[in-house]
2 protein chains.
Amino acid sequence: MDQRHASALKAAGMKATPKRLAILEMLEAEPGYASPEELWKRLKDRFDRLGLPTVYRNLEELSASGVLSKVIHPNRQLYYYFCSNREHHHHFVCLSCRKVEDIPACGIEALEQEVSKRNGGKVLSHILQLNGLCGGCADNGEKQ
Amino acid sequence: MDQRHASALKAAGMKATPKRLAILEMLEAEPGYASPEELWKRLKDRFDRLGLPTVYRNLEELSASGVLSKVIHPNRQLYYYFCSNREHHHHFVCLSCRKVEDIPACGIEALEQEVSKRNGGKVLSHILQLNGLCGGCADNGEKQ
DNA sequence: ATCCTAAAACGAAATCATTTCTATTTAGAG
DNA sequence: CTCTAAATAGAAATGATTTCGTTTTAGGAT
């Protein structure tokens, strides 16, 4: 099983280690974004030994390879999200329940080009994220 | 002098203390974004006593009031930028020389509304920032 | 199947930017 | 000029994240 994940790892030029696969599994099952420590706590029972630094390292590498996406959180801690959408797009993240919804790519690419043209600079990356409360949390009193 | 800054502080409901004014002055003179510690090092000679926590606190408060803007940096440290543009807009930041250029507001507001409508959520804030190399740094070998 | 090597993981310790806390000082309204 | 809430000092704590030297392992080569 997890052939999908193993393939994704291979495609990213990364070894398909059991820990990496477990991280991907766990994060895929997660309804929203999660922190390295949370994932570690849930995963460490599955392994004789699993270091927190390993989780940090892998999440960072997986995110750099585009297998995972990173959430920009107001508290500046690290959170990751499993997103199978391979198209260029962005996210709406709920600050209450942590759910993540896809936002179709908007006109940023055009904006990038315009900025490049106008000021002669070179845009290397961009950040676009909407923060708020999802439907459920907006209705209820944003319980946590 | 700095009547502008004093007024801005008053408008934000903040006392116009000498240290706040100095922080605004220094940051306005800065060509790009700066870190709390950098500002502190440059400012502490002007005062008998000036604590680093004071600089942190003030930058955060000033940013929350909209008098300053915060830069989202890949290294996740805090950087601030004095931006006199009171219109809603975003920034292109040079990761090499730290220069910041304004980007006119693009269609994010429309996107926000669409997301709200479609998923019933409530967008509380958004982040949009382009990262890259400005004209000068793209030409030269991005010297630092 | 076994070897071999670069990649991955360990985990204790370090880092270090940022925040907290309590006492002291000060801006500015009245 | 007083008074009080707001602001500051500064030492100490925090705690998420990273480093480092060692050990283990995935997976291509034999």
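What you see is a predicted model; the values in this text were computed from it and never measured. Below, all heavy atoms of this structure are taken into account, side chains as well, without hydrogens, waters or symmetry copies. Protein chains get the first letters and strands the later ones, always in sequence-line order, with residue 1 at the start of each.
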Integer-rounded Å distance: [N] [atom2] and [X] [atom1]:
{"X": "B/Y56", "N": "D/dA9", "atom1": "OH", "atom2": "P", "answer": "15 Å"}
{"X": "A/E60", "N": "D/dA16", "atom1": "CD", "atom2": "C1'", "answer": "14 Å"}
{"X": "B/K19", "N": "D/dA9", "atom1": "NZ", "atom2": "C1'", "answer": "8 Å"}
{"X": "A/R57", "N": "D/dA16", "atom1": "CZ", "atom2": "P", "answer": "19 Å"}
{"X": "B/R76", "N": "D/dT17", "atom1": "CZ", "atom2": "C1'", "answer": "7 Å"}
{"X": "B/F47", "N": "D/dA9", "atom1": "CZ", "atom2": "P", "answer": "9 Å"}
{"X": "A/N75", "N": "D/dG15", "atom1": "CG", "atom2": "C1'", "answer": "12 Å"}
{"X": "B/Q77", "N": "D/dA16", "atom1": "CD", "atom2": "C1'", "answer": "13 Å"}

Backbone N or O of B/P53 within a donor-acceptor pair of the B/W40 side chain at under 3.5 Å? no
Name of the residue among B/L24, B/L27, B/N58 meeting side-chain contact (heavy atoms from CB on, under 4.5 Å) with B/V67: B/L24
Quick check for you: name the first and last nucleotides of DNA chain C, 5' to 3', having an atom under 4.0 Å from a heavy atom of chain A. C/dA6 to C/dT19
Scan for salt bridge (charged side-chain N to carboxylate O under 4.0 Å, His left out) pairs involving residues 115-125 of chain A, sequence neighbours excluded, and state none if there are none. A/E114-A/R118
In plain terms, say whether B/E30 and B/R42 are close enough for a salt bridge, that is, a side-chain N and a carboxylate O under 4.0 Å apart. yes
If each of A/L52 and A/K15 is mapped to the nucleotide of DNA chain C with the nearest heavy atom, which maps nearer the 5' terminus, i.e. the 5' end? A/K15
Closest-nucleotide mapping onto DNA chain C: is A/E61 or A/P53 further toward the 5' terminus? I mean the 5' end. A/E61
By ring pair (Phe, Tyr, Trp, His ring centres under 6.0 Å) - contacts of B/H5 (at least two apart): B/F82
For B/T17 and A/E37, find the nucleotide of DNA chain D closest to each by heavy atoms; which residue's nucleotide sits nearer the 5' end? B/T17
Report the residue (A/P18 or B/P18) whose heavy-atom-nearest nucleotide on DNA chain D is the more 5′ of the two. B/P18
Parallel, tilted or perpendicular, as decided by the 30° and 60° cut-offs, for the rings of B/H90 and B/H126: tilted
is_close_aromatic(A/Y33, A/Y81), centroid dist under 6.0 Å: no
